[in-house]
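A short write-up of the structure that comes next.
Excluded from the calculations below are hydrogen atoms, water molecules and symmetry mates; all remaining heavy atoms, backbone and side chain alike, are included. In each ligand, atom 1 is the first atom listed, and ligand 1 is the first ligand listed.
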Amino acid sequence: MGNRVAGKVALVTGAASGLGKATAGRLAEEGAAVLVGDIRIDAAEEAAAAIVKDGGRARALKLDVSSEDDWIAAIAEGERAFGKVDVVVNNAGTADGTWVHKLTLERWRRIHAVNLDGVFLGIKHGAEAMKRAGGGSIVNISSVAGLVGIAEGAAAYCSSKGGVTLLTRAVALEFALLKTNIRVNSVHPGYMDTPMLQGVIAAYREPEAARQRLVAGAPLGRFGEPRDIANAVLYLASDESAFVTGTQLVVDGGHYAR
Ligand SMILES: NC(=O)c1ccc[n+]([C@@H]2O[C@H](COP(=O)([O-])OP(=O)(O)OC[C@H]3O[C@@H](n4cnc5c(N)ncnc54)[C@H](O)[C@@H]3O)[C@@H](O)[C@H]2O)c1
């Protein structure tokens, strides 16, 4: 156990799986009390129990990030349980492999509801708690697909993640102007080995060929591990990044450099 975020209370969304789960675990290892938010409460409870078993402090929350009522309840529960919330990691997200000409308006709206509305609500309600706490750090998980266009069924995903990139920058400036002592940054993962990526690959007609092609396209020659993102979030959540706001931290094995 370290102490890089000792004394902080972090709410991580989509924390029952993949990058969110690794991030919640990493923040707890470094001393934060962690609220493990996910739409799947059973899986969130398992993830929180694993943190507690390892000596950390954690509590599971049922949180659908697209629901404002859920956000209000989650922040209140976090403050009741641990006294404050001063880190919010807006990680929950959903991907869709549908090509744009086959995408329904309903599906388009759902992807944006989770990936973009969810981040907006996390910023809005997280910031209220941070004002009560005297400040804080918001980390939004965008994607390399929020910086460049990706072909093959990623139009709604890119649109929503691009929204997260500029929402982050605008809000970082607004909060600086308002002297809130709240920093806002985004993290941009490349291809990371999680259930989401496995699902995307499985949807290809020839999944193994698709997997090999994606790995071959990565300058470092591999998919990232969830802990690679957890370490980036840890830095932005901690006071080590006290002078960092409105930035995009790309963690992608070199993909974006191309
Ligand atoms: N895996 C990658 O290659 C990759 C690359 C770039 C960005 N990302 C982004 O990283 C984030 C995490 O992705 P992951 O790969 O860990 O995915 P994942 O599918 O493994 O985990 C996502 C988690 O979010 C939860 N979730 C889904 N909808 C939700 C909602 N409405 N409210 C609350 N929780 C919800 C799921 O239950 C799940 O536990 C996402 O925002 C994703 O877009 C992932």
- prompt: For ligand 1, does V65 get within less than 4.0 Å through its side chain, its backbone, both, or neither, judged by non-hydrogen atoms?
  reply: both
field: Part of R40 within contact of ligand 1 (heavy atoms, under 4.0 Å)
entry: side chain
- request: Using a 4.0 Å heavy-atom threshold (strictly under), name the region of S142 that reaches ligand 1: side chain, backbone, both or neither.
  value: backbone
message: Heavy atom to atom 8 (N) of ligand 1, shortest distance: which of Y191, F223, Y157 holds it?
response: Y157
- request: May I ask you to decide whether K84 forms a salt bridge with E79, counting only side-chain N to carboxylate O separations under 4.0 Å?
  value: no
field: Per-atom contacts of ligand 1 with G18, taking only distances under 4.0 Å to non-hydrogen atoms
entry: 16 (O), 20 (O)
- line: With heavy atoms and a 4.0 Å threshold, my read on which part of H188 contacts ligand 1 is neither
message: Please classify the R110 to ligand 1 contact at 4.0 Å (heavy-atom distances, strictly less than): side chain, backbone, both or neither.
response: side chain
query: How far does CZ of R26 sit from CG of N231, to the nearest 0.5 angstrom?
result: 5.0 Å
message: Can you tell whether the side chains of E30 and K8 come within less than 4.0 Å, N to carboxylate O?
response: no
query: Between V36, D38, L63, which one has a non-hydrogen atom sitting closest to atom 25 (C) of ligand 1?
result: D38
- prompt: Closest non-hydrogen protein atom to atom 19 (O) of ligand 1, residue and atom name please, with distance?
  reply: M196 CB, 3.5 Å
- prompt: Got an N/O contact under 3.5 Å between V114 and ligand 1?
  reply: no
- prompt: Which bit of T94 gets closer than 4.0 Å to ligand 1, counting heavy atoms only: side chain, backbone, both or neither?
  reply: neither
task: Using a cut-off of 6.0 Å, state whether more than 12 heavy atoms not belonging to R169 lie near its atom CZ.
output: no
Side chains of T98 and D96, donor plus acceptor under 3.5 Å: yes
query: For L19, is at least one N or O under 3.5 Å away from an N or O on ligand 1?
result: yes
query: Taking the minimum heavy-atom distance to atom 5 (C) of ligand 1, which of S143, G190, G224 ranks first?
result: G190
message: Around atom OH of Y235, are there more than 12 heavy atoms from other residues, nucleotides or ligands closer than 6.0 Å?
response: yes
- request: Flag the pair E206 and R211 as a salt bridge only when some basic side-chain nitrogen lies within less than 4.0 angstrom of an acidic carboxylate oxygen.
  value: no
- prompt: Salt bridge or not for E77 and K62, using N-O below 4.0 Å?
  reply: no
- request: Identify which of D193, I229, I141, N91 has a heavy atom lying nearest to atom 41 (O) of ligand 1.
  value: N91
- prompt: In terms of heavy-atom contacts, does CZ of R213 have more than 12 from other residues, nucleotides or ligands at under 6.0 Å?
  reply: yes
